[in-house]
Amino acid sequence: MNSQAFLDIAPDVQHAIATGRAVVALESTIISHGMPYPQNVATALQVEEEVRQHGAVPATIAIINGRLKAGLSHGDIEQLGRAGHAVTKVSRRDIPFIVARGGLGATTVAATMVIAAMAGIRVFATGGIGGVHRGAQESFDVSADLQELAQTPVAVVCAGAKSILDLRLTLEYLETHGVPVVGYQTDALPAFFTRDSAFSVDYRLDTPGEIAAVLKAKWAMGLQGGMVVANPIPAQFAMPLAAIDQAIEQALQEAKQQGIAGKASTPFLLARVNALTGGDSLASNIQLVLNNARLGAAIAVAYQSL
Ligand code: PSU
Ligand code: MN
């Protein structure tokens, strides 16, 4: 038995892979734990449509009835979105448990990369990646997303990382583990709701074709691991830094007071930041994900043409 025995690839995704067409993986924790219902479901469907409009086939990834899925039905997406935080958040370590019990799981960036790689998908678009949390010197809270980027050959297009994280330590960790961080048309690391931060990216690339060429070179020579492609939120949807910082500070305080730790930490912080900033941040969040879906599709198309 090999990994394919656990994996169901949707027919349109299978067809695209077999004929060398572009495919973009999408994650499902962003649906269950990253946004409120019903905007999470509407956004997930809109993101898939955005990928299609830009010449690629979307493959939203999750675990449904214990099967690894690359490509979900609308019913699957509705189920994940409606159940929200009741769905098991699945990172690499959780995969075999949800499979063995025939359960439902929403995949994080790490688990989505694992399943995308099994399916042969090289490009993945999402909102933000996990990283090194503030205070990690004490808590040791470092997202498994970073280790996955070090070992699994999938490029992750994101809007950087939310400043619920320590961006400086996140960059240091990625450097140590050999994960390149590319800025798309920017020299600064974007911080999710804002177009830049105090930190620089390793490499700035200005076209999807250049990014595809680097991916090709990396994997053709057998270098392991993925790449972070950081795509700044479109200027018209960026949030004022002060409002975001205040909400993040408050969310972090609440998490500390309530002793939130482990895998609950990121979902708690995301939900509190969403609640404290109201509809504004949700609108920005949706727009940056759509923006990443467009760039992901363009990179996947360029990659297939090489
Ligand atoms: N950051 C966001 N939105 C998200 C996530 C992170 O702005 O939805 C999700 C992603 O699925 C990511 C996960 O992989 O949270 C990271 O969780 P942890 O820090 O527990 O590894
Ligand atoms: Mn963590």
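We count ligands from 1, going down the list as the structure has it; atoms in each ligand are counted the same way.
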S.K.: Using modelled atom types only, decide if a donor and an acceptor are shared between the side chain of Ser265 and the backbone of Ile260 within a distance under 3.5 Å.
M.R.: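 Here the side-chain-to-backbone pair does not exist.
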
S.K.: Identify, by atom number and element, the atoms of ligand 1 in contact range of Gly34, meaning under 4.0 Å from any of its heavy atoms.
M.R.: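 Selected atoms, number and element: 8 (O).
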
S.K.: Judged by non-hydrogen atoms, does His33 sit under 4.0 Å from ligand 1?
M.R.: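 Per 4.0 Å heavy-atom rule, His33 does not contact ligand 1.
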
S.K.: Any Lys/Arg nitrogen of Asp166 or Arg134 sitting under 4.0 Å from an Asp/Glu carboxylate oxygen of the other?
M.R.: no

S.K.: Heavy atoms only, cut-off 4.0 Å: how does Val109 contact ligand 1, side chain, backbone, both, or neither?
M.R.: both

S.K.: Measure His133 to ligand 1 on non-hydrogen atoms and call it side chain, backbone, both or neither using the 4.0 Å cut-off.
M.R.: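 It is the side chain that gets close, since no backbone atom is under 4.0 Å.
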
S.K.: Of the protein's non-hydrogen atoms, which lies at the shortest distance from atom 21 (O) of ligand 1, and what is that distance?
M.R.: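 Looking at atom 21 (O) of ligand 1, the protein heavy atom closest to it is Ser143 OG, 2.6 Å.
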
S.K.: Should the pair His85 and His33 be assigned to parallel (<30°), tilted (30 to 60°) or perpendicular (>60°) ring geometry?
M.R.: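 The arrangement is tilted - the two ring planes meet at 30° to 60°.
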
S.K.: Testing Val114, Asp8, Val99 one by one against Leu68 for a side chain to side chain contact (heavy atoms under 4.5 Å, CB included), which residue passes?
M.R.: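 The passing option is Val99.
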
S.K.: What atoms of ligand 1 come closer than 4.0 angstrom to any heavy atom of Asp145?
M.R.: 12 (C), 14 (O), 16 (C)

S.K.: Could you work out, for atom 9 (C) of ligand 1, the closest of Thr29, Asp141, Asn40 by heavy-atom distance?
M.R.: Thr29

S.K.: Side chain, backbone, both or neither: which part of Leu270 has a heavy atom under 4.0 Å from ligand 1?
M.R.: side chain

S.K.: For ligand 1, which part of Thr108 has a heavy atom less than 4.0 Å away: the side chain, the backbone, both, or neither?
M.R.: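 Both backbone and side chain of Thr108 come within 4.0 Å of ligand 1.
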
S.K.: Would you find more than 12 non-hydrogen atoms of other residues, nucleotides or ligands less than 6.0 Å from Gln253 atom CD?
M.R.: no

S.K.: Could you name all protein N, O or S atoms found under 2.8 Å from the Mn ion (ligand 2)?
M.R.: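 Near the Mn ion (ligand 2), below 2.8 Å, one finds Asp141 OD1.
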
S.K.: Given 3.5 Å as the limit, does a donor-acceptor pair link the side chain of Thr207 with the main chain of Glu210, or not?
M.R.: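 Yes.
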
S.K.: Assess Lys89 for proximity to ligand 1: is some non-hydrogen atom of it under 4.0 Å away?
M.R.: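 In this structure, Lys89 qualifies as a contact of ligand 1 - some heavy atom is under 4.0 Å.
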
S.K.: If you have a sec, work out which protein heavy atom is nearest atom 15 (O) of ligand 1 and how many Å separate them, to one decimal?
M.R.: Thr266 CG2, 3.5 Å

S.K.: Between His54, Glu50, Gln53, which is the residue that forms a side-chain hydrogen bond (donor to acceptor under 3.5 Å, both in side chains) with Arg294?
M.R.: Glu50

S.K.: For atom 6 (C) of ligand 1, what is the closest protein heavy atom, and at what distance to 0.1 Å?
M.R.: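 Sorting protein heavy atoms by distance from atom 6 (C) of ligand 1 puts Gly128 O, 3.7 Å first.
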
S.K.: Compute the shortest N/O to N/O distance between Lys263 and ligand 1 and return yes if it is under 3.5 Å, no if not.
M.R.: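 No, Lys263 has no N/O under 3.5 Å of an N/O on ligand 1.
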
S.K.: Around Gln185, counting heavy atoms of other residues, nucleotides and ligands shown, do more than 12 lie under 6.0 Å from its CD?
M.R.: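 Check passes, neighbour count above 12.
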
S.K.: Give a yes or no answer on whether the side chain of Ser284 reaches the backbone of Ala238 with a donor-acceptor pair at less than 3.5 Å.
M.R.: no

